[in-house]
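Structure first, commentary second.
Any value given below was found using the heavy atoms of this structure, including those in side chains, with hydrogens, waters and symmetry copies removed.
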Amino acid sequence: MIDIKFIRDNLDAVRAAIHNKNSTCDLDRLIAVDDRRRKIQQEADALRAKSNELSAQVGLFKNPKSKWYQEAVAKGTSPDQIRAEGDKLQAESASIKQRIKELEDEEKVVAGEFQNLMLTVPQVPSARTPIGRSAEDNVEVRRWGEPRKFDFKPKDHVELGTALGILDIERGVKLAGTRNYLLRGAGSLLHHAVLRLAMDVIIERGFEPITVPILVRDEMMYGTGYYPGGEEQAYRCERDAKSLVGTAEVSLTAMYGDEILDEAMLPVKVAAVSTCFRREAGAAGKDTYGIYRIHFFDKVEQVVLCRADEAEGEKFHHEIIANAEIVLQKLELPYRILSVCTGDMGQGKVEMYDIETWMPSRNSYGETHSASRFGEFQARRLNLRYKGADKKTHFCHTLNNTVIASPRILIPILEQYQNPDGSVTVPNALRTYMNGLEQIGARTA
RNA sequence: GGAGAGGUGGCUGAGUGGCUUAAAGCGACGGUUUGCUAAAUCGUUGUACGGGUAACACUGUACCGGGGGUUCGAAUCCCCCCCUCUCCGCCA
């Protein structure tokens, strides 16, 4: 959500954002509803003021203990006269109440529509964000590392993992349906090793590790911008009005919602490893092979809450991207960074970069990380604020990025590190997390 | 899951229908006093949305966990929900 005042003052910029982000937000309707909302408020406020005034008077007339009453009696006014006067005012008050009631009913309807429209207004993207319709218009920023050139016919991760007995998709599907899997033995160890490495890196970079709920109240989904619109993508537990998160970003970002932080607490840098649940509705038939697009996975996520300062937000954006790069570089996996275009970035984002890691079986880079900067979009929805040195409260700015998501990252690991005999060399950086294991499969001796 | 007790400003805590624009204290901020620290003393002290202004000032409304209701008038009475605590039961 962005500031209605900002919207009214920057109609052109918002209109452009709606167009460039392929948003269906009806800006004209929003402005019309807001106009009506303000009119109603003004009228109702005036009536309420009048009503309060009358009630105060009636109070004096009806309360024999009041100073006014006692003075009136002392002056010779009879209790009957006072009561009659009070009844008259009371009748007048009642008629005003009737009109207030009507206005309030309309206010409720209008405010509801206003809220719904406000939730659909996109954040204005940064000036350097490329304008485009879809993922095809994303712009590559830089690359690191060289994709491996194989002198034998490389296998894909499913062939490798199944033959090694570390990946069992069939039984995963038997248990839980399509897009499910089992990781076994060294596969499971590899999965945990990657997460441990990522946690160690992010902690070393100054982030507080936090264990968070992954089944959260729906309002956290609204607060972080996943709802409305993303309900189909999430597993909702309707009878509890809660949802399984698709990322720990939700819990980490909403953690301080409805609070006013001391500026000295900022920036808040937190990270969590959590299981992530995604229904992948609408993705039927897409990436059905292997463990690329699956219903559950584990992810180390990093979140920064900082002051409402554009430059500071940009600084932290670079920082959280660098954090993810450190992990990939430790794993010696080639990757590239994309500046995500307006049409592909999501309504709440100011700026977004994806990191794609080289996946031999796709003969291309595949998305493994996503780094977003939201400005105050999420903070406004979450009512997440801080008190600044200027004594005023401001909405925080929020950012987040993947540190590592597994098992998707196992795709490039298995495929890049495979050997001609079908074994897989364990990346150096992971060996300490796997009891020194150097190779999965064929004998090392 | 059962029974009970609660939820008031940054914090503690009064307030059971109208002299409450939420007492008092603490904290914070500002002034005075002071060789420094401490103490004393005086004052200020929330949020949101409107109106107003160049910006202040000023001003209206709402807010005592959330939402409804009763009433001319609700922190206070009624209903529903959420949360916390205590005891019991169950349990990794």
Side-chain angles (χ1 to χ4, degrees), chain A residues 1-9 30-31 33-74 79 82-115 117-118 211 213-220 222-223 237-243 254-265 308 376 379-396:
Chain A
M1 186 158 8
I2 62 180
D3 191 349
I4 183 63
K5 286 177 199 150
F6 175 88
I7 296 172
R8 297 190 74 109
D9 292 343
L30 174 68
I31 298 301
V33 169
D34 187 43
D35 284 341
R36 181 66 196 139
R37 188 181 67 101
R38 284 169 193 242
K39 280 228 170 54
I40 292 172
Q41 184 182 345
Q42 282 170 37
E43 202 177 333
D45 277 1
L47 286 173
R48 275 190 280 255
K50 181 71 181 162
S51 169
N52 286 344
E53 198 182 309
L54 283 173
S55 286
Q57 281 183 40
V58 172
L60 297 176
F61 284 53
K62 296 264 173 180
N63 184 2
K65 282 179 292 185
S66 75
K67 271 187 188 136
W68 181 92
Y69 189 100
Q70 287 170 6
E71 280 169 17
V73 170
I82 295 174
R83 192 177 308 120
E85 193 64 24
D87 288 346
K88 215 172 90 187
L89 288 175
Q90 202 169 311
E92 187 181 344
S93 180
S95 80
I96 289 179
K97 277 303 261 207
Q98 180 56 36
R99 283 159 60 204
I100 291 177
K101 179 88 176 144
E102 285 164 22
L103 280 172
E104 281 178 342
D105 287 345
E106 190 185 350
E107 191 173 33
K108 213 171 289 177
V109 174
V110 172
E113 186 179 2
F114 176 73
Q115 264 312 312
L117 285 165
M118 282 295 282
T211 301
I214 56 178
L215 177 62
V216 300
R217 297 175 191 279
D218 283 340
E219 60 187 273
M220 307 311 157
Y222 284 98
C237 303
E238 304 225 356
R239 50 179 182 172
D240 298 302
K242 292 176 184 179
S243 297
M255 184 169 71
Y256 287 113
D258 275 323
E259 293 188 38
I260 300 177
L261 305 178
D262 195 326
E263 184 170 346
M265 283 179 68
E376 63 178 33
R380 204 170 258 285
R381 290 173 170 236
L382 290 165
N383 199 26
L384 162 56
R385 295 167 298 171
Y386 70 95
K387 193 175 279 290
D390 58 2
K391 304 283 185 205
K392 291 187 177 165
T393 54
H394 305 271
F395 289 106
C396 294

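For the P atoms, the distance from B:A3 to B:A14 is 28 Å, rounded to whole Å. Comparing B:A24 with B:U86, their C1' atoms are spaced 30 Å from each other, to the whole Å. Comparing B:U21 with B:G15, their C1' atoms sit 16 Å apart, to the nearest whole Å. B:U34 sits 33 Å from B:A23 when the C1' atoms are compared, rounded to a whole Å.
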Distances for protein N or O near nucleotides 57-62 of chain B N or O, under 3.5 Å:
| residue | atom | partner | partner atom | Å |
| --- | --- | --- | --- | --- |
| B:G60 | N2 | A:D45 | OD2 | 3.1 |
| B:U61 | O2' | A:D45 | OD1 | 3.0 |
| B:U61 | O2' | A:R48 | NE | 3.2 |
| B:A62 | OP2 | A:N52 | ND2 | 3.4 |

Show me the protein contacts with nucleotides 79-85 of chain B, counting only N or O atoms at under 3.5 Å.
none

Got a list of side-chain donor-acceptor pairs under 3.5 Å for residues 257-265 of chain A, not counting sequence neighbours?
| residue | atom | partner | partner atom | Å |
| --- | --- | --- | --- | --- |
| A:D258 | OD1 | A:N383 | ND2 | 3.2 |
| A:D262 | OD1 | A:A264 | N | 3.2 |
| A:E263 | OE1 | A:A389 | N | 2.6 |
| A:E263 | OE2 | A:R307 | NH1 | 2.9 |

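As rounded to whole Å, 20 Å separates atom P of B:G46 from atom CD of A:E259. The OH atom of A:Y386 sits 19 Å away from the C1' atom of B:G10 (whole-angstrom rounding). Following rounding to the nearest Å, A:R385 (CZ) and B:G10 (P) show an atom-to-atom distance of 10 Å. In this structure, CZ of A:F114 is placed 8 Å from P of B:G50, rounded to the nearest angstrom. Between A:Q98 atom CD and B:U71 atom P there is a gap of 12 Å when expressed in whole angstrom units. Counting to the nearest Å, the P atom of B:A28 and the CD1 atom of A:I260 are 18 Å from each other.
When distances are taken from the side chain of A:R38 to each of B:A48, B:C72, B:G50, the shortest belongs to B:G50.
Residue pairs satisfying the salt bridge (Lys or Arg N to Asp or Glu O under 4.0 Å) criterion with at least one member in residues 91-101 of chain A, sequence neighbours excluded, are absent.
Taking A:D240 as the reference, A:C237, A:K242 meet the side-chain contact (heavy atoms from CB on, under 4.5 Å) condition, with sequence neighbours excluded. With sequence neighbours excluded, the residues forming a salt bridge (Lys or Arg N to Asp or Glu O under 4.0 Å) with A:R36 are A:E106, listed by chain and number.
A sub-4.0 Å separation between OP1 or OP2 of B:G50 and a side-chain N or O of A:R37 is present.
Looking at A:S93, its side chain never comes within 3.5 Å of a backbone N or O of A:L89 through a donor-acceptor pair.
In this structure, A:S93 reaches the sugar-phosphate backbone alone: every heavy-atom distance under 4.0 Å involves primed, P, OP1 or OP2 atoms, never a base. Among the protein residues, A:S51 comes within range of no part of the nucleic acid, since none of its heavy atoms lies under 4.0 Å from any strand. Contact annotation for A:K5: backbone-only contact, meaning every heavy-atom pair under 4.0 Å involves sugar-phosphate atoms and none involves a base.
In this entry B:A38 has no Watson-Crick or G-U wobble partner, no candidate having both defining distances under 3.5 Å.
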